[in-house]
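Each remark here refers to the structure printed beneath this line.
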Amino acid sequence: MDTEVAWVLSGAVGLVLGAAITFIWKADEKRQIEPEAVEAPLVPPGAEAVLRSLASSAVIVDTDDEVVQASAPAVALGIVREGELHPESLVELVRQVRRDGQIREADVEVPIKRSAPLQVHARVAPLTSRLMLVLAEDRTQAQRLDMIRRDFVANVSHELKTPIGAIKLLAEAVGEATDDPEAVTRFSGRMGDEAERLTRLVQQIIDLSRLQADTLSEDAVTIKVGELVAEACEHSMTEAESKAISLRSSIDGDLFVHGDRAQLHAAVSNLVENAVTYSPEQSRVAVSAKRVEDDVKITVSDNGVGIPASELERIFERFYRVDPARARSTGGTGLGLSIVKHVAASNGGSVEVWSEPGLGSTFTLVLPAFDPEIDEEK
Ligand code: ADP
């Protein structure tokens with residue numbers, strides 16, 4: 001019995017001791033972590049207000065990479081998602097800066113749903129000993145434009161080289177054929193054609209660059225649609241007559257548009273010129289204009305070769321030609337339709353196309369209708 005009591009007693013003492021040790025240890029542990037937990041990193045006074053009013057993307061993160069503050073554009077840009085900095089490459093950049101205090105810059109890709117990732121330029125700097133400032137700028141559009149510009153310059157150089165090379169070769173041929181007057185006449189005629197092609201190409205490149213420079217035309221005047229159509233038909237009349245193509249126009253009432261005269265003249269003329277160029281002899285080209293609700297629709301229809309459906313998307317691209325071999329014989333540059341598309345956009349309109357190989361094509365230039373009596377008052 002005595003031994004039993006001794007066992008129970010020693011057990012009880014052990015239990016109490018164990019509980020006491022656990023309690024002290026836990027209390028100590030609590031003491032150790034508590035100061036850390038209460039001392040939340042503080043955003044410097046004023047920084048919060050600055051961040052809120054920023055039009056650019058700025059984020060402040062703490063030592064755990066948690067977002068403490070973010071400007072609205074940063075959230076819209078997608079670099080802050082559910083309170084976390086995003087993507088991982090940006091978080092890694094922040095960690096590097098935290099390690100050595102060196103300000104760093106980098107280009108990061110921010111993946112977005114159902115589209116190509118955004119190209120973001122980020123700059124990370126320490127704000128306080130605990131906080132990091134991330135500044136980000138969306139460069140997607142700028143990089144895209146840069147690429148288009150580089151492509152354009154490469155294409156222009158390539159396209160210019162062809163007629164220049166041809167003129168050089170023809171000049172050599174003329175030099176070697178001095179005792180053959182017939183050959184000289186033939187070669188000089190071809191030189192003239194190439195020079196004309198070159199002139200046309202350079203003019204179209206200048207037109208296109210001007211169009212791309214200003215998004216909305218500043219030289220807007222009121223234009224009678226009938227005059228635009230008559231001038232465009234006049235421009236292609238000789239070519240149409242040489243192919244015995246009947247070129248007809250019909251205008252539905254007194255129609256007006258408001259826009260850049262030279263640009264709109266170039267657009268309608270390009271459409272009529274294409275219709276004549278891509279039509280066989282003795283066919284018909286019809287140009288019509290009518291009012292449809294708030295728009296004026298200028299339609300150019302032909303019974304020519306037509307365009308395969310797979311190419312329809314691409315014909316408005318610069319330098320794009322459905323059949324480059326044929327384009328050489330027609331003197332095409334591949335710039336006409338991209339000029340039409342740009343003119344339409346800079347004058348508040350659009351261009352539509354219907355085409356069927358072997359049946360023909362219909363291009364429609366849609367422009368906002370202008371009512372001189374009503375609209376000029378505004
Ligand atoms: P191009 O100077 O070669 O005519 P465009 O930009 O005007 O350049 O046209 C691009 C391509 O679209 C042309 O090469 C041609 O193949 C096709 N195209 C344009 N208009 C017509 C049309 N009316 N009928 C058939 N094909 C056309």
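Both ligands and their constituent atoms are indexed starting at 1 by order of listing.
Arg314 and Glu311 are not joined by a salt bridge, as no carboxylate oxygen comes within less than 4.0 angstrom of a charged side-chain nitrogen. Look at Glu159 and Arg200 and you find no salt bridge, because none of the NZ, NE, NH1 or NH2 atoms lies under 4.0 Å from a carboxylate O. Under a 4.0 Å N-O distance rule, the pair Glu88/Arg95 qualifies as a salt bridge. Looking at Asp295 and Lys290, no side-chain N of the basic residue comes within less than 4.0 Å of a carboxylate O on the acidic one, giving no salt bridge. Taking the charged nitrogens against the carboxylate oxygens, Arg139 and Glu109 have no contact shorter than 4.0 Å, which rules out a salt bridge. The existence of a salt bridge linking Arg123 and Glu105 is confirmed by a sub-4.0 Å separation between a basic side-chain nitrogen and an acidic carboxylate oxygen.
Of the listed residues (Val340, Leu337, Asp302), the one carrying the non-hydrogen atom nearest atom 23 (N) of ligand 1 is Asp302. Compare Tyr320, Tyr278, Phe363 by their heavy atoms: the one nearest to atom 13 (C) of ligand 1 is in Tyr278. Across the listed options Thr333, Val322, Thr277, Val322 owns the non-hydrogen atom lying nearest to atom 17 (C) of ligand 1. In this comparison of Ile307, Asn274, Leu271, the heavy atom closest to atom 7 (O) of ligand 1 sits on Asn274.
Proximity of Gly304 to ligand 1 is not established, as no heavy-atom distance is less than 4.0 Å. Distances shorter than 4.0 angstrom do not occur between any heavy atom of Phe316 and any atom of ligand 1. Heavy atoms of Leu335 come nearer than 4.0 angstrom to ligand 1 in at least one pair.
The ligand atoms of ligand 1 that sit less than 4.0 angstrom from a heavy atom of Ser361 are 22 (C), 24 (N), 25 (C). Contact atoms of ligand 1 toward Ile315: 10 (C), 12 (O) (distance under 4.0 Å to a heavy atom of the residue).
Polar contact check, Gly334 against ligand 1: a nitrogen or oxygen pair lies under 3.5 Å apart. Ligand 1 has no N or O atom lying under 3.5 Å from any N or O atom of Val305, backbone or side chain. Annotation: Arg321 places no N or O atom under 3.5 Å from an N or O atom of ligand 1; distance criterion only. Residue Ser338 has no nitrogen or oxygen atom sitting less than 3.5 Å from a nitrogen or oxygen atom of ligand 1, judged on distance alone.
Minimum heavy-atom separation, Asp62 to Leu131: CA-CD2, 3.8 Å.
Side chain of Asp65 to backbone of Glu84: no donor-acceptor contact under 3.5 angstrom is found.
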